[in-house]
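Residue numbers run from 1 in the order of the sequence given.
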Amino acid sequence: MNTDAPSGAGPRLPLAIVLVVLAALLASAASLGNGFALDDLPMIVDNPRIRSLADPLGFFEGTYWTTPGLRAAAWRPLTLLAFAVQYAIGDGTPLAFHVTSVALNAAVAVAVLAFLRALLPTGAALIGALLFAVHPVHVEAVANVVGQAELWVALFVVAALALYARARRRDALGLPAMLGILLCFALALGFKEHALVLPALLLALELLVLRRSHAPASDGWRRIRALHYALAALAVLWFVTQMEQVGGVNAGSPHAALAGRGMLERSWIMLALVPEFARLFLWPARLYADYAPQLVPVLPTPSGTHVWGALGVAGWATALIATWRRWPVVALGLVWLPISLALVANVLVPTGILLAERTLLLPSVGVVLSVAAAGAALWPRLGTLPPGVPRVTLVATLGLVVLGASHSAQRSLAWKDNLTLVTTLVTDAPQSSRAQFWLADELIQQQELAAGEVALRRAMALWPEYPNVPLALAATYQSTGHCDAALPLFERVIVLDPTNASAHFGYAGCLLNLGRFTDARMESLRGAAKARSATAFRIVLYAADSALAATDSVRGNNFWLRRQAQQAGRTPGPGA
């Protein structure tokens, strides 16, 4: 493939941009009528932090997730700031958020077009950008408001790569281009942490493609090294700030199926999911709002299912070896996949998801890059085939674009609101434990307690190791005065997740309600030792102590007896 002549034949740039924007709008405009769903509720509807722009710098302090009891942590100040701006513009209505998401989606597609044009003929770049603009795997990132972080990161990362490629081809990697790339990196990091992959993507672009066609002079290498040193310094600064704000490099909780598992076990689990990744990239006919047991397998030890994953990895490696020298742009797209997936693939570090469609937005750039580059390389050879084959190939490709836009538009409607999303997920994947869990939550909120209990029991049977389901069922029983039924469920949660302060608190409260004051007292002390704030546990403790004092069955460390003794100026005895 001739990587030295990216302009090539094809439509003019303004027309190409219009076509890509139109395709992106056709794929995503249906989401403009959506409301809020899933994580939109805690992050937008119930988040007091984004309701005022009086202190913009305040968004740079604290974590992204602030929901009480939620242990996931991240530092994404620009995402919060963007939400606050949209909240102010739309007065909290969903339309302003969805207009922003749709506009961002179109902007990312244009950035992909610019990047592909720096490496490929214009016609091939346009095909690749059109495929990207309508790819159904992007629906979650666009139709669900919290997916904006993915869109912002993709926009700045791809823009930085396009800027670098064009500057290098013009031998103009000077200070303006370097500052532009650094600014893109800084902004992307402010929106979400997986922007950290940008330096690796830049290095792959340089070594695989640009070095071969535009080998820099000695001063050029110095500028390239200086750029990477600056990127590294910016990444270190981000790491330090992240650790200060969230209390560590990764203070969030891993997915329940990954909790306590080492790298080897996580690697086996993710190897079994390789076919699902490949399906979503290459033929995403089926989309789901959540990939959880038993919709996807969790297999930490070798099994027959891993054969398909191993074949997928072997196929990727074979394609990389075959294209490394002959078709370097195709190889770049292949290398793009593991780099862009590195921080969400649960191998290096565990995350809060097994697989999520929104996290595949940036990796999908590598897919369309490889496809477009392979098409550009093979297109001249189609002329040696029978007449009409090139035209049929082009028509089939454009048909795929139309099909992708139609499927994306239709799927966007599934994210209309929480109830629509949950019922769609239960219909699409009744074997998904979390689909049943979310359905139960909706039913309980609508006071359909019996139906909610059935859904929770079904979810618990699908995924017995998931502690949130028995916790929700126990809390439902407790709130309706059935503590006798709640106690064994709280005990189950504590066994599954001993650090769960909510389970300890609910358990202590039920013990108190059932008159088991000594047990309630001891459980309060255990829970207080594990909770970030012991205030709630102290309330239960004082209530238990009061009841014990009233029944004259106290020990010397009883709060009320100790307080009475202190007021009398004496020390309480060993017990009564």
Practice task
Please work out which of the three classes, parallel, tilted or perpendicular, describes the rings of Y507 and F490, given edges at 30° and 60°.
Solution key: tilted
Practice task
Check the angle between the aromatic planes of F281 and F277 and answer parallel, tilted or perpendicular using the 30° and 60° thresholds.
Solution key: tilted
Do [X] and [Y] get their side chains close enough for a donor-acceptor pair, meaning under 3.5 Å?
{"X": "N144", "Y": "D40", "value": "yes"}
{"X": "Y291", "Y": "E357", "value": "yes"}
{"X": "N34", "Y": "S31", "value": "no"}

Taking [X] for the side chain and [Y] for the main chain, is one N or O donor matched with an acceptor at less than 3.5 Å?
{"X": "S340", "Y": "L337", "result": "yes"}
{"X": "H482", "Y": "T480", "result": "yes"}
{"X": "Q245", "Y": "G62", "result": "yes"}
{"X": "H135", "Y": "V365", "result": "no"}
{"X": "Q478", "Y": "G506", "result": "yes"}
{"X": "S28", "Y": "A24", "result": "yes"}
{"X": "K530", "Y": "N500", "result": "no"}
{"X": "N418", "Y": "L38", "result": "yes"}
{"X": "W438", "Y": "V426", "result": "no"}
{"X": "Q431", "Y": "Q294", "result": "no"}

Below 4.5 Å, heavy atoms only, C-beta onward: do [X] and [Y] meet side chain to side chain?
{"X": "L421", "Y": "L425", "result": "no"}
{"X": "H504", "Y": "F537", "result": "yes"}
{"X": "L287", "Y": "P136", "result": "yes"}
{"X": "W463", "Y": "F437", "result": "no"}
{"X": "T518", "Y": "L511", "result": "no"}
{"X": "L295", "Y": "S433", "result": "no"}
{"X": "V540", "Y": "F505", "result": "yes"}

Practice task
Could you go through the ring pair (Phe, Tyr, Trp, His ring centres under 6.0 Å) check for W283 and H407 one step at a time?
Solution key: CA-CA 11 Å; W283 193 252; H407 187 35; 8.9 Å; no
Determine the minimum heavy-atom distance between [X] and [Y], stating which atoms define it.
{"X": "A409", "Y": "L26", "answer": "CB-O, 3.6 Å"}
{"X": "S479", "Y": "T476", "answer": "OG-O, 2.8 Å"}
{"X": "L151", "Y": "S101", "answer": "CD1-O, 3.8 Å"}
{"X": "A544", "Y": "F517", "answer": "CB-O, 3.6 Å"}
{"X": "P297", "Y": "T305", "answer": "CG-CG2, 4.5 Å"}
{"X": "L196", "Y": "F239", "answer": "CD1-CZ, 4.0 Å"}

Exercise for the section: Considering only NZ, NE, NH1 and NH2 on the basic side and carboxylate oxygens on the acidic side, decide whether D441 and R434 come within less than 4.0 Å. Expected result: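 Salt bridge flag = no for R434 with D441.
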Exercise for the section: Please determine if E193 and R76 form a salt bridge, counting it only when a charged side-chain N lies under 4.0 Å from a carboxylate O. Expected result: yes
Exercise for the section: Go through Y477 and E453 one step at a time and tell me if the side chain to side chain contact (heavy atoms under 4.5 Å, CB included) criterion holds. Expected result: CA-CA 9 Å; Y477 284 145; E453 179 184 357; 2.4 Å; yes
Roughly how far, to the nearest 0.5 Å, is [atom2] of [Y] from [atom1] of [X]?
{"X": "L456", "Y": "L443", "atom1": "CG", "atom2": "CG", "result": "9.0 Å"}
{"X": "L80", "Y": "R49", "atom1": "CG", "atom2": "CZ", "result": "5.0 Å"}
{"X": "E150", "Y": "R358", "atom1": "CD", "atom2": "CZ", "result": "6.5 Å"}
{"X": "L341", "Y": "L360", "atom1": "CG", "atom2": "CG", "result": "6.5 Å"}
{"X": "K192", "Y": "L362", "atom1": "NZ", "atom2": "CG", "result": "10.5 Å"}
{"X": "D497", "Y": "E465", "atom1": "CG", "atom2": "CD", "result": "13.5 Å"}

Practice task
Evaluate the criterion side chain to side chain contact (heavy atoms under 4.5 Å, CB included) for residue pair F97 and T100; output intermediate values, then yes/no.
Solution key: CA-CA 5 Å; F97 293 92; T100 302; 5.8 Å; no
Practice task
Check ring-ring contact (aromatic ring centres under 6.0 Å, His included) between Y87 and all other residues, then give those that pass, not counting sequence neighbours.
Solution key: none
Practice task
Could you tell me which residues satisfy side-chain hydrogen bond (donor to acceptor under 3.5 Å, both in side chains) with S303, sequence neighbours excluded, listed by chain and number?
Solution key: H306
Handout entry: Check: F132 ring centre within less than 6.0 Å of H138 ring centre
Key =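 Yes, ring centres under 6.0 Å apart.
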Exercise for the section: Verify the ring-centre separation between W152 and H194: is it less than 6.0 angstrom? Expected result: no
Exercise for the section: For side chain to side chain contact (heavy atoms under 4.5 Å, CB included), just list the numbers for D39 and W65, CA-CA rounded to whole Å, side-chain angles, deciding distance to a tenth of an Å, and then say yes or no. Expected result: CA-CA 10 Å; D39 288 342; W65 294 100; 3.7 Å; yes
Enumerate donor-acceptor pairs with a distance under 3.5 Å from any side-chain N or O in residues 265-276 to protein atoms, sequence neighbours excluded.
unit_1	atom_1	unit_2	atom_2	d
R266	NE	N346	O	2.7
R266	NH1	R261	O	2.9
R266	NH2	V347	O	2.8
R266	NH2	L348	O	3.4
S267	OG	M263	O	2.7
E276	OE2	R279	NE	3.3
E276	OE2	R279	NH2	2.7

Exercise for the section: Evaluate whether atom CD of Q410 has more than 12 neighbouring non-hydrogen atoms of other residues, nucleotides or ligands under 6.0 angstrom away. Expected result: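 No, because the 6.0 Å sphere around CD of Q410 holds 12 heavy atoms or fewer from other groups.
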Practice task
Could you go through the side chain to side chain contact (heavy atoms under 4.5 Å, CB included) check for Y64 and M43 one step at a time?
Solution key: CA-CA 9 Å; Y64 173 70; M43 288 311 306; 3.5 Å; yes
